[in-house]
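Any value given below was found using the heavy atoms of this structure, including those in side chains, with hydrogens, waters and symmetry copies removed.
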Amino acid sequence: MTETFSSSESSNSQQELRSPKALQRRCWELDAVRKQKFKEAAQLSDQMQETEQYLAISEEVTEALETLSSKLFEQQLALIQEKLTIALQEVLEQPLKLNAVAEWKRNGASVEFQIERDGNLEDIIRGQGGSVANILSVGLRMFALMTLDESEHRRVLVLDEQDCWLRPDLVPRLVKIIHEAGEALGFQIIMISHHDPTMFERYADCIYQFTPSAEGVQVQRIETDWQMSD
């Protein structure tokens, strides 16, 4: 008896013979995926443990950070209070003291500034006809600019008529304080004033006088005896 096989039956028979290898390869692939999933699960478990450990001490960490921030802020505030008190006393020659009272609300600080004279509080805005506020604003702006990133911000401060409420004889004292602070902190300071240029000649690096005229604004550099002697 003679048996015959068609070509399609022969092909199916060969595919069945190859199928165990394909199954084995598929098993290897699935085994690799299984191992990867076990690895990922272990990593997630470690992360969960770290998160749970952090959450367990998060309140203590938050409280410690807030305490540290508060202490650092109080130190900065004490420095501002000290330096600006000196500035007020040197410029105005009066027994004035700056008090900075900080209050913490909603993880933020608010500061109230007060002027004290012989134990009595005075209004900063009205004090000395506004000269107290002018002096304090210079110092506060310098401290604020010091917190900026120097790679993105230049330390340049423009003061527009910051001496407007001062008596003329007190202007050189303010200029001296500003000049010394600028050198110490590395600031370039441009000061605009309506006072006589001689008020600035001892401490300013250079003085320019602007004079309006029919032809426009004339600009003149003022040479002083102090600059020539340097």
Side-chain angles (χ1 to χ4, degrees), residues 1-85 87 98-114 136-160 178 180-190:
M1 182 176 179
T2 305
E3 295 182 357
T4 60
F5 297 91
S6 66
S7 59
S8 60
E9 291 175 341
S10 176
S11 176
N12 290 334
S13 176
Q14 292 177 1
Q15 185 173 3
E16 290 176 0
L17 291 174
R18 289 197 300 268
S19 62
K21 293 183 178 180
L23 289 173
Q24 185 180 40
R25 187 164 53 248
R26 181 58 178 163
C27 288
W28 289 342
E29 292 174 353
L30 292 174
D31 184 58
V33 171
R34 180 182 64 85
K35 291 179 179 179
Q36 179 63 29
K37 294 300 181 183
F38 272 120
K39 182 178 179 181
E40 292 175 357
Q43 292 175 344
L44 289 173
S45 177
D46 292 340
Q47 292 176 4
M48 286 291 293
Q49 289 181 356
E50 291 178 1
T51 302
E52 290 174 355
Q53 291 173 357
Y54 172 76
L55 291 175
I57 61 171
S58 62
E59 291 185 3
E60 297 178 4
V61 171
T62 300
E63 183 178 352
L65 290 174
E66 288 180 352
T67 301
L68 178 60
S69 298
S70 176
K71 289 183 177 179
L72 291 174
F73 183 77
E74 289 175 358
Q75 291 175 0
Q76 290 293 325
L77 203 57
L79 178 63
I80 292 173
Q81 183 174 281
E82 175 190 353
K83 298 301 182 182
L84 293 186
T85 293
L98 176 66
N99 291 330
V101 182
E103 184 178 4
W104 292 87
K105 291 181 178 179
R106 298 178 182 178
N107 297 326
S110 62
V111 182
E112 180 181 354
F113 292 100
Q114 302 171 340
L136 294 180
S137 68
V138 174
L140 292 175
R141 275 184 277 177
M142 284 190 175
F143 277 105
L145 289 173
M146 286 174 59
T147 64
L148 299 179
D149 186 351
E150 290 190 59
S151 64
E152 298 181 3
H153 304 274
R154 292 184 59 186
R155 288 191 171 184
V156 179
L157 179 60
V158 179
L159 302 175
D160 187 8
I178 293 174
E180 292 175 348
E183 285 194 334
L185 300 175
F187 277 89
Q188 179 183 6
I189 300 176
I190 300 172

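- For R25, the salt bridge (charged side-chain N to carboxylate O under 4.0 Å, His left out) test picks out no residue, with sequence neighbours left out.
- With sequence neighbours excluded, no residue forms a salt bridge (charged side-chain N to carboxylate O under 4.0 Å, His left out) with R141.
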Working for side chain to side chain contact (heavy atoms under 4.5 Å, CB included), residues F113 and L140: CA-CA 11 Å; F113 292 100; L140 292 175; 3.9 Å; yes
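- Between the side chains of E40 and Q36, at least one donor N or O lies within less than 3.5 Å of an accepting N or O.
- Here the side chain of Q81 pairs a donor or acceptor atom with the backbone of A100 at under 3.5 angstrom.
- No donor-acceptor pair closer than 3.5 Å links the side chain of S45 to the backbone N or O of A41.
- Evaluation of the side-chain hydrogen bond (donor to acceptor under 3.5 Å, both in side chains) test over residues 142-159, restricted to residues two or more places apart or in two chains, returns D149-S151, R154-Q188.
- Here the closest heavy-atom approach between residue T85 and residue L98 is recorded as OG1-N, 3.0 Å.
- Put simply, CG on L77 and CG on N99 are 10.5 Å apart, with the number rounded to the nearest 0.5 Å.
- Considering NZ of K83 and CE of M142, their distance stands at 13.0 Å, rounded to 0.5 Å.
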Going through the checks in order, is the side chain to side chain contact (heavy atoms under 4.5 Å, CB included) test met by I178 and F187? CA-CA 10 Å; I178 293 174; F187 277 89; over 6 Å; no
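- Interatomic distance, Q43 CD to Q47 CD, rounded to the nearest 0.5 Å: 7.0 Å.
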